[in-house]
Amino acid sequence: MNEKMIQIQNWKDQIDEGELYLDTEEYEDYSSGYWEADWITEYYDNQGIGDKIMSMIRFAEDCVDDRRYQEANEIYEWLWQMSVSTDSEYEDYVDLEML
């Protein structure tokens, strides 16, 4: 149990510090015509951030089932407030809703 919380804390720290980030590909899309070009950003999770987040959510659900509400609340609050950095030159961040 404590090992899992330590692992989750390590993941949270790595995401907060930008050590775990999303790769991006950015380009202009001219499919609607030259004057209506759209800037497209595609995100790639090459570091498994999505899997780590899903693991955190499953563990938080287990904490609720086991009535360890404080641990579950800590995980849920962090997930709601987190932002994952990207390798974009514009220092783009992605939140849970975007993920």
**Asked** Below 4.5 Å, heavy atoms only, C-beta onward: do M56 and K12 meet side chain to side chain?
**Response** yes
**Asked** Do E71 and R68 sit within salt-bridge range, that is, some charged N less than 4.0 Å from a carboxylate O?
**Response** yes
**Request:** Measure the spacing between CH2 of W78 and CD1 of I15 and express it to the nearest 0.5 Å.
**Result:** 4.0 Å
**Message:** Can you confirm whether L20 sits close enough to V84 that some side-chain heavy atom of one is under 4.5 Å from a side-chain heavy atom of the other?
**Reply:** no
**Asked** Between Q14 and N10, is any side-chain donor less than 3.5 angstrom from a side-chain acceptor?
**Response** no
**Item:** Residue pair Y27 / T41, side-chain heavy-atom distance below 4.5 Å
**Value:** no
**Item:** Side-chain (D45) to main-chain (G50) donor-acceptor, under 3.5 angstrom
**Value:** yes
**Message:** If you compare all heavy atoms of Q47 against all heavy atoms of E19, which two are closest, and at what distance to 0.1 Å?
**Reply:** OE1-O, 3.5 Å
**Message:** For a 4.5 angstrom cut-off between non-hydrogen side-chain atoms, does F59 reach M5?
**Reply:** yes
**Message:** Quick check against the 3.5 Å criterion: does D29 have a side-chain atom that pairs as donor or acceptor with the backbone of I40?
**Reply:** no
**Asked** OH of Y43 to CG of L22: how many Å apart, nearest 0.5 Å?
**Response** 8.0 Å
**Spacing of CD belonging to E61 relative to CD1 belonging to I75, to within rounding of 0.5 Å** = 10.5 Å
**Message:** Go through it in stages, so that I can follow the logic: the residues are W11 and I49, the test is side chain to side chain contact (heavy atoms under 4.5 Å, CB included), and I'd like the CA-CA distance, side-chain angles, deciding distance and then a yes or no.
**Reply:** CA-CA 9 Å; W11 289 340; I49 296 170; over 6 Å; no
**Request:** Mind checking the OG-CD spacing from S55 to Q7? Nearest 0.5 Å is all I need.
**Result:** 6.0 Å
**Side chains of E74 and Q9 in contact at under 4.5 Å (non-hydrogen atoms)** = yes
**Complete:** Rounded to the nearest 0.5 angstrom, the CD-CG distance for E28 and D38 is 9.0 Å
